[in-house]
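Data block below; observations after.
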2 protein chains.
Amino acid sequence: MAQASEHIINPNVSVDNVILGFADNELKVLLIERERVEEVPDDFLALPGNLIYEDETLDQAAERVLYELTGLKNIFLEQFHSFGDPNRIRKKQDLDWLKAIRAHPEARVITVAYYSLIKADNYNPTPSAFAQKAFWVPITDVGQLAFDHNDIFYRALEHLKDKLYKYPIGFELLPEKFTLAQLQRLYEIILQTKLDKRNFRRKILKTKFVVPLNEKQRGVAHKPARLYHFDKERFKSTEHRYVSY
Amino acid sequence: MAQASEHIINPNVSVDNVILGFADNELKVLLIERERVEEVPDDFLALPGNLIYEDETLDQAAERVLYELTGLKNIFLEQFHSFGDPNRIRKKQDLDWLKAIRAHPEARVITVAYYSLIKADNYNPTPSAFAQKAFWVPITDVGQLAFDHNDIFYRALEHLKDKLYKYPIGFELLPEKFTLAQLQRLYEIILQTKLDKRNFRRKILKTKFVVPLNEKQRGVAHKPARLYHFDKERFKSTEHRYVSY
DNA sequence: TCAAAAGTGTTCAAAATACACCCATGT
DNA sequence: ACATGGGTGTATTTTGAACACTTTTGA
């Protein structure tokens, strides 16, 4: 049920998108069931991706795939690596699926991988035109994926970790108003480590771009936490220095 | 004068290589004159790159291009970004050249960019099969390049800078035996900053993978500097910790 | 009144920074 | 003998790490 398109498709280049969200104190990834094809059993979930159009940039292709899948625009989205092993598609199930769905199923496809971070605010994916169903899967529960998508997914998480040491991208995953405990939990999950509460708070607040609001959590069965938000303007105007040598 | 090849060429995907070397206390990039074509004036230098073969990985393609150009193998080589603007080739001179040289000059080409670091030891490039001439150009003297190669080059330097804060890749650019002053100079160039000599030395020597040799410079008109080398094994066995939160 | 998570300060150790003079060599 | 770059130590400030109790709320 491929959709009509006036665009010419490039049979050799695709984008794949590792879309991450944070909810229920967990990091989750958006996976799709591939389009169902008669006679082709398919129990692999996949990262949302597709061939690019000849008249769009790589970034535009990634945005488009994200939009088609989630209905969201203006989302944090960044290229992190390209994957081009000629054998990246070698599972029989993948080959059968491609034969049924692609104009050139045998074509060698290089994929440019992006990751994107979605705020819990915007959490509900709109099932897309080309995917049957989309699911948020906790990153600890990701099983065998289609194609080489496990490699891509793993590398996205590594990349995210590297970025987080230098850039405050964690905020892209949180709602506009968040508690410091949420932020800390997010850092702990991405960095795969335990952080000291007092030291973490001191460090975050010293930055001056995480600003306290005069607002608290409501309806929690414990002391309600103060809410904070991330001030992009203050962040931009901050001097960002590296570790020195 | 394209060389004979048993390989099928993928007309849509290329690799481009930003090859950096360090000599005369300067960082230099290896640029080529494109193959000369009758009637097509061409005064742009270019990054060495080429279309990939259908049966090689991206890394293999990058290694191959490097080998064809320099005769070197087992060189530090790393993918850093892919470039795919449909208009990345828009200068008339580039179009004319492609028309003269490519089987599908109009094809849209996505390029996967690599950077590679070459030791001063191995410094002399062997002019390649597909390039007329190769030059080491000081990075401060790079003029307008072919295609979008200025973008690619700029981004490679940024990437190198980011890497250097975390990984000791600078050693890939130095000879086996080097002085701490050379190392410091290299850091200063890449990071675009001035470093304090005493603090730099203390910090480098504390790592334990830069080891002093019982050997000194010879024939210099000043106190000869001790030589050091980078111990890969010690580096690998070191705990590499991040800045914490 | 209890359970659950929020919030808060101090001490110690390690790392970063700033800074100036003597040394060994070739010409 | 002089010009050139090599090599070294200390004091101060800043940052990181470890650690335990009181507070506020809903159930």
Side-chain angles (χ1 to χ4, degrees), chain A residues 22-26 164-166 168 174-175 177-189 191 193-229 238-245, chain B residues 22-26 164-166 168 174-175 177-189 191 193-229 238-245:
Chain A
F22 184 69
D24 315 317
N25 266 345
E26 275 189 311
L164 193 59
Y165 286 106
K166 270 186 55 186
L174 292 174
K177 301 172 181 181
F178 54 85
T179 69
L180 292 184
Q182 283 178 296
L183 184 63
Q184 183 178 342
R185 172 97 177 113
L186 178 58
Y187 271 69
E188 288 178 340
I189 290 173
L191 302 179
T193 184
K194 192 97 193 62
L195 301 170
D196 179 89
K197 183 164 60 162
R198 283 180 282 196
N199 294 339
F200 180 79
R201 291 174 157 250
R202 186 176 25 251
K203 191 156 177 173
I204 291 294
L205 295 177
K206 196 157 58 59
T207 66
K208 300 301 176 205
F209 47 77
V210 176
V211 305
L213 302 170
N214 282 325
E215 208 174 330
K216 297 190 169 188
Q217 281 182 312
R218 309 272 240 104
V220 286
H222 55 77
K223 179 171 175 179
R226 160 164 260 128
L227 297 173
Y228 292 78
H229 91 280
T238 309
E239 213 21 72
H240 299 292
R241 299 207 309 101
Y242 289 99
V243 188
S244 65
Y245 272 89
Chain B
F22 185 69
D24 314 317
N25 267 346
E26 274 190 313
L164 193 60
Y165 286 107
K166 270 184 57 187
L174 292 174
K177 301 171 181 182
F178 53 85
T179 70
L180 292 184
Q182 283 178 297
L183 184 62
Q184 182 177 342
R185 172 99 177 114
L186 179 59
Y187 270 70
E188 288 178 340
I189 290 174
L191 302 179
T193 184
K194 193 98 193 63
L195 301 170
D196 179 271
K197 183 165 58 163
R198 282 181 283 196
N199 295 338
F200 180 79
R201 292 174 156 250
R202 187 176 24 249
K203 191 155 176 173
I204 291 293
L205 294 176
K206 197 158 55 58
T207 66
K208 301 298 176 206
F209 47 77
V210 177
V211 307
L213 302 170
N214 283 325
E215 207 174 329
K216 299 194 169 185
Q217 281 181 313
R218 307 273 240 105
V220 286
H222 53 77
K223 179 173 175 179
R226 159 163 262 131
L227 296 174
Y228 292 78
H229 91 277
T238 309
E239 211 24 70
H240 299 291
R241 299 206 309 103
Y242 288 101
V243 188
S244 63
Y245 273 89

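Order of the sequence lines fixes the chain letters, A, B, ..., with proteins taken first and strands second; residue numbering starts at 1 for each chain. Worth knowing before you read on, the calculation uses all heavy atoms, side chains too, and leaves out hydrogens, waters and symmetry mates. Bear in mind that the values here come from a model prediction, so they are computed numbers and not experimental data.
In this structure, NZ in A/K194 is found 11.0 Å from CZ in A/F200, a value given to the nearest 0.5 Å.
Rounding to whole angstrom units, CZ of residue B/F200 and C1' of C/dA15 are separated by 16 Å. When the P atom of C/dT10 is taken as reference, atom CG of A/D196 falls 16 Å away, rounded to whole Å. The separation between B/Q217 atom CD and D/dT4 atom P is 16 Å, rounded to whole Å.
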Pair B/F178-B/V210, side-chain contact (heavy atoms from CB on, under 4.5 Å): steps then yes or no: CA-CA 10 Å; B/F178 53 85; B/V210 177; 4.3 Å; yes

Heteroatom pairs (N/O) under 3.5 angstrom, protein to nucleotides 25-27 of chain D:
from   : atom 1 : to     : atom 2 : distance (Å)
D/dT25 : O2     : A/A221 : O      : 3.4
D/dT25 : O2     : A/H222 : N      : 3.3

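Remark: B/R226 is not in phosphate contact with D/dG7, judged by side-chain N or O atoms under 4.0 Å from OP1 or OP2. Proximity of B/K203 to the phosphate of C/dA15: no side-chain N or O atom is located under 4.0 Å from OP1 or OP2.
Of the residues listed (B/R202, B/R201, B/K197), the one engaging B/N199 in a side-chain contact (heavy atoms from CB on, under 4.5 Å) is B/R202, and it is the only one.
A/R198 contributes a side-chain N or O that forms a donor-acceptor pair with the base of D/dA20 under 3.5 Å.
Summarising the geometry of B/R226 relative to B/P212, their closest heavy-atom pair is CD-CB, 3.7 Å, with the distance given to 0.1 Å. The minimum heavy-atom distance between A/K223 and A/Q217, with the atom names listed, is O-OE1, 4.5 Å.
Checking C/dG9, D/dC19, D/dG6 against the side-chain heavy atoms of A/R202 singles out C/dG9 as nearest.
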